[in-house]
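Side chains included, hydrogens not; waters and symmetry mates left out as well; all remaining heavy atoms used.
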Amino acid sequence: LTLVDKWIISRLQHAEAEVTRGFESYRFDRSATAIYEFVWNEYCDWYLELCKPVLNSDDTPADIKAGTRRTLVRVLETAMRLAHPVMPFITEEIWHKVAPLAGKEAGTIMLEAFPVAQTEKINPEAEAGIKWVQEFILSIRKIRGEMDIAPGKPLEVYLANASEADKGAVETHLNLLKFVGRVGRVTVLDDESKAPESAVALIGDLKVLIPLAGLIDKDAELARLGKEIEKAKANIQRTQGKLSNANFTDKAPPAVVDKEREKLLSGEKLIENLNAQLLKIQAL
């Protein structure tokens, strides 16, 4: 099994335990939430993507591919049994498609055992490793979104303030970072001042830097940021107008007034971030 396979199996044990706790305490909402979080956010959103480098590479050994295929099927089959009490019909239908691949021969999911967590399959090392990969990829995606960079464009990455653990993680997981995060070359800097003008994201103490030169249309980005700043300023003025109106602050429910104050603070923070971004683009 790959580290990714061990990770999803480990996360499945946590989900099974949480679902069981929910049923035993009659908190069916917690059980349903645990099922949703596992199937949607971990199995579908992450595991399916992190499997692709293994399954799509001609260099992957046959036994590794077989292990990943088996894990894909067996975890899905288990998830259907886990969800069956709260989603009986759709899980039965999907289970009949998956069961033969998972070696299950019962005529109905209702005759299968309900999943029970196996603590010996919980793997803290795999969970810590994949959590680092997730945070790294999410930091890259955040910069792409903020800078309006095409999702499929490979990005050169510089790392500053990298610990020995970070350096080891990059080396270990580089294939995942390249395939799923669309990362190009990764360079670890001894001196952050040597980095070109970059967008920055933080993973704990680690700084992830994406050089901006050549990635964006400078004039178009400056124009876009200018419009965003003006829009944010207009929103702040409207909020300040409300809060300076005694009729509003005295008569509106406290929760509504507090919400407007929070809106003002978030608006000011947005302008601060947009101005910082504007300065970075101007420096290119």
Side-chain angles (χ1 to χ4, degrees), residues 11 14-46 82-83 85-87 127-128 130-149 151 161 198-210 216 220-282:
R11 295 307 303 161
H14 291 292
E16 290 170 345
E18 184 64 25
V19 170
T20 298
R21 281 193 293 268
F23 284 146
E24 289 176 345
S25 61
Y26 296 94
R27 289 302 306 268
F28 306 126
D29 58 322
R30 290 182 179 175
S31 293
T33 298
I35 293 166
Y36 175 86
E37 291 291 336
F38 175 75
V39 174
W40 182 263
N41 292 333
E42 296 184 312
Y43 184 80
C44 293
D45 191 20
W46 282 104
L82 196 63
V86 293
M87 295 177 64
E127 291 193 29
I130 299 305
K131 182 181 179 182
W132 187 92
V133 170
Q134 290 172 318
E135 290 177 344
F136 193 102
I137 291 172
L138 288 174
S139 71
I140 299 294
R141 289 176 178 173
K142 179 183 177 183
I143 292 173
R144 285 185 189 275
E146 289 176 350
M147 307 305 295
D148 197 25
I149 300 170
N161 203 29
S198 304
V200 182
L202 296 175
I203 305 174
D205 294 329
L206 177 66
K207 290 185 179 181
V208 180
L209 301 96
I210 307 295
I216 57 175
E221 185 64 12
L222 287 174
R224 185 187 71 80
L225 288 171
K227 290 179 182 178
E228 290 291 326
I229 291 170
E230 291 305 315
K231 182 180 176 181
K233 286 180 178 178
N235 289 335
I236 283 179
Q237 287 178 348
R238 281 195 293 271
T239 305
Q240 287 174 332
K242 280 187 179 181
L243 292 173
S244 62
N245 185 342
N247 287 330
F248 173 75
T249 54
D250 293 343
K251 296 178 181 179
V256 174
V257 177
D258 288 343
K259 187 174 181 180
E260 290 299 316
R261 290 192 177 117
E262 290 174 6
K263 190 187 295 184
L264 180 62
L265 290 174
S266 63
E268 290 171 346
K269 184 65 176 177
L270 175 61
I271 287 181
E272 181 183 332
N273 290 335
L274 288 171
N275 279 324
Q277 204 168 321
L278 188 72
L279 290 174
K280 287 180 180 178
I281 303 302
Q282 288 173 338

Shortest non-hydrogen pair, Phe23 vs Pro85, comes out as CZ-CB, 4.0 Å
More than 12 heavy atoms of other residues, nucleotides or ligands under 6.0 Å from CG of Asp205: is that the case?
no
Rounded to the nearest 0.5 Å, how far does CD of Gln134 lie from CG of Asp45?
8.5 Å
Are Phe38 and Val19 packed together at the side-chain level, in the sense that at least one heavy-atom pair is separated by less than 4.5 angstrom?
no
Give the intermediate values and the outcome of side-chain contact (heavy atoms from CB on, under 4.5 Å) for residues Leu279 and Gln282.
CA-CA 5 Å; Leu279 290 174; Gln282 288 173 338; 3.6 Å; yes
So how far is it from Arg27 CZ to Arg21 CZ, rounded to the nearest 0.5 Å?
13.0 Å
Residue pair Asn41 / Trp46: nearest heavy atoms and the distance that separates them:
O-CD1, 3.1 Å
Neighbour count above 12 (heavy atom, 6.0 Å) for Arg30 CZ
no
To the nearest 0.5 Å, how far apart are OG in Ser31 and CG in Leu82?
8.5 Å
CD1 (Ile149) and CZ (Arg141) are apart, to the nearest 0.5 Å, by 14.0 Å
So which heavy atom on Glu18 is nearest to which on Ala34, and how close?
CG-CB, 3.5 Å
Measure the spacing between CG of Leu243 and CG of Leu264 and express it to the nearest 0.5 Å.
6.0 Å
Check whether Trp40 forms a cation-pi arrangement with Arg11 (NZ or CZ under 6.0 Å from the six-membered ring centre, at most 45° off the ring normal).
no
Any side-chain heavy atom of Cys44 sitting closer than 4.5 Å to one from Val39?
yes
Would Thr33 and Phe28 count as a side-chain contact (heavy atoms from CB on, under 4.5 Å) if you check the C-alpha gap in whole Å, the side-chain angles of each, and the deciding distance to 0.1 Å?
CA-CA 8 Å; Thr33 298; Phe28 306 126; over 6 Å; no
List the steps and the verdict of side-chain contact (heavy atoms from CB on, under 4.5 Å) for Val133 and Ile137.
CA-CA 6 Å; Val133 170; Ile137 291 172; 3.7 Å; yes
Any carboxylate oxygen within less than 4.0 angstrom of a Lys/Arg side-chain nitrogen, looking at Glu260 and Lys263?
yes
For Ile271 and Ile236 the tightest heavy-atom approach is CD1-CD1, 3.4 Å
Quick one: does Ser198's side chain have a donor or acceptor within less than 3.5 Å of a partner on Leu209's backbone?
no
Here the gap from Leu278 atom CG to Leu225 atom CG, rounded to the nearest 0.5 Å, amounts to 5.5 Å
